[in-house]
Amino acid sequence: MPKPAIALDLLLLPTWLVPVEPAGVVLKDHGLGVRDGCIVFIGPRAEALKCEAAEVRELPGMLLSPGLINAHGHAAMTLFRGLADDLPLMTWLEQHVWPAEGKWVDEDFVRDGTDLAIAEQIKGGITCFSDMYFYPKVASERVHNSGIRAQIAIPILDFPIPGAASADDAIRQGIELFGDLKHHPRIKVAFGPHAPYTVGDENLEKIRVIAEELDAAIHMHVHETAFEVQQAVDNTAERPLARLGRLGLLGPRFQAVHMTQISDEDLALLVESNCSVIHCPESNLKLASGFCPVERLWQAGVNVAVGTDGAASNNDLDLLGETRTAALLAKAVAGSATALDAHRALRMATLNGARTLGIEATVGSLEVGKAADLVAFDLSGLAQQPIYDPVSQLIYATGRDCVKHLWVAGKPLLEDGQLTRLEEPQLIATAQAWGRRISGHDE
Ligand SMILES: [Zn+2]
């Protein structure tokens, strides 16, 4: 039984508390106590009210859950949102995205685009995101200032990119940033070889050695399209995932983004090496890349998280919406209405994300001892009535406009739908100025 009279910084009293772990549980009329940024109490309301608390917040009609974890994205690409739509992946990349990046991406772009992404994500209930974009040091500074939590994956390609003259340069900068942020409470640095078709064996081997040495994660787009797999098989008679396995990259620290193409051998390799898969259904749908078989992976015991991908291929950073899409799509792909039910979908967007990023001991569920990364959704509106199962209502009938409050490590980043640390009108004006410049309306 929870002990009464604990001294708390903050006591939250929502109508529903969904801890995610244990699975499938909804606690009605319970309280959650926070001290020094951590969850120190979860118990019935009557017990909770015996605690001494500096601040008590009643959250009537609200569901309190762990903050959502966006396990894959390219934050600063918010500034390219809607620039090139309705195109297949390689045309989109080679004829639109890469040229635009070459022309526009610098440190200012990454600063402003990352701030815009962070603000959008906080307003959408996201307490932690994974980023893979140029000038990662700049992105890490924006994460630090904003109060959100993040994994910063250092982008590595065989050719020069904005901010890195070569793969070696990118790796060197990555090692430096990893060292600088090793003890940061909210930021983890990972290595992000872009994709099997943009990084050759030599650089992948270097990345493997360094990641092993530093115990760092590897975050990589893998098997995004059937074309990628077919091209590799035609040229080398080897599937990309098998190649990564042969090079020794796969393991519990490996995060495979997309995986729309999975053969029996691929599945066995994922299971055996204990990799995580990050499912980005809306980006895959929009680029007609294919479908990640989430239910099949889940049943085989593979950890599956969910990500929005960048705003240029989605086009929003709405993880709640993404989770709904994932839950619906999983049923169509599996040919079964029981695939990825609402409770498992929420788990995928929280605890599975934390496990993917290697931070499940700190976040991902509401448990005593974990960091207070929390989000309160308002389910009192007419579109949510009546409420039989609040988790079902959250996944299938609630939009991100219902996100009311959000905390990271106990610090409020959203109060009553308003950002506490970022200036929304200024972010909008800055994004509009970039839009005018990029579209040529400023000259
Ligand atoms: Zn991506």
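Every number for a ligand or one of its atoms is a count from 1 in the order of the listing.
- Note: His405 and Trp407 have tilted aromatic rings, judged against thresholds of 30 and 60 degrees for the angle between ring planes.
- A tilted orientation is assigned to the rings of Phe80 and Phe109, their planes being inclined by 30° to 60°.
- Considering just the N/O/S atoms of Asp309, the one nearest the Zn ion (ligand 1) carries the name OD1.
- Shown here is Lys206, whose NZ atom has more than 12 heavy atoms of other residues, nucleotides or ligands within 6.0 Å.
- Put simply, the angle at the Zn ion (ligand 1) from NE2 in His72 to NE2 in His74 is close to 100°, to the nearest 10°.
- His258 and His223 share no side-chain donor-acceptor pair at under 3.5 Å.
- Coordination check, His258 versus the Zn ion (ligand 1): failed, since every N/O/S atom of the residue sits at 2.8 Å or beyond.
- Minimum-distance N/O/S atom of His221 relative to the Zn ion (ligand 1): NE2.
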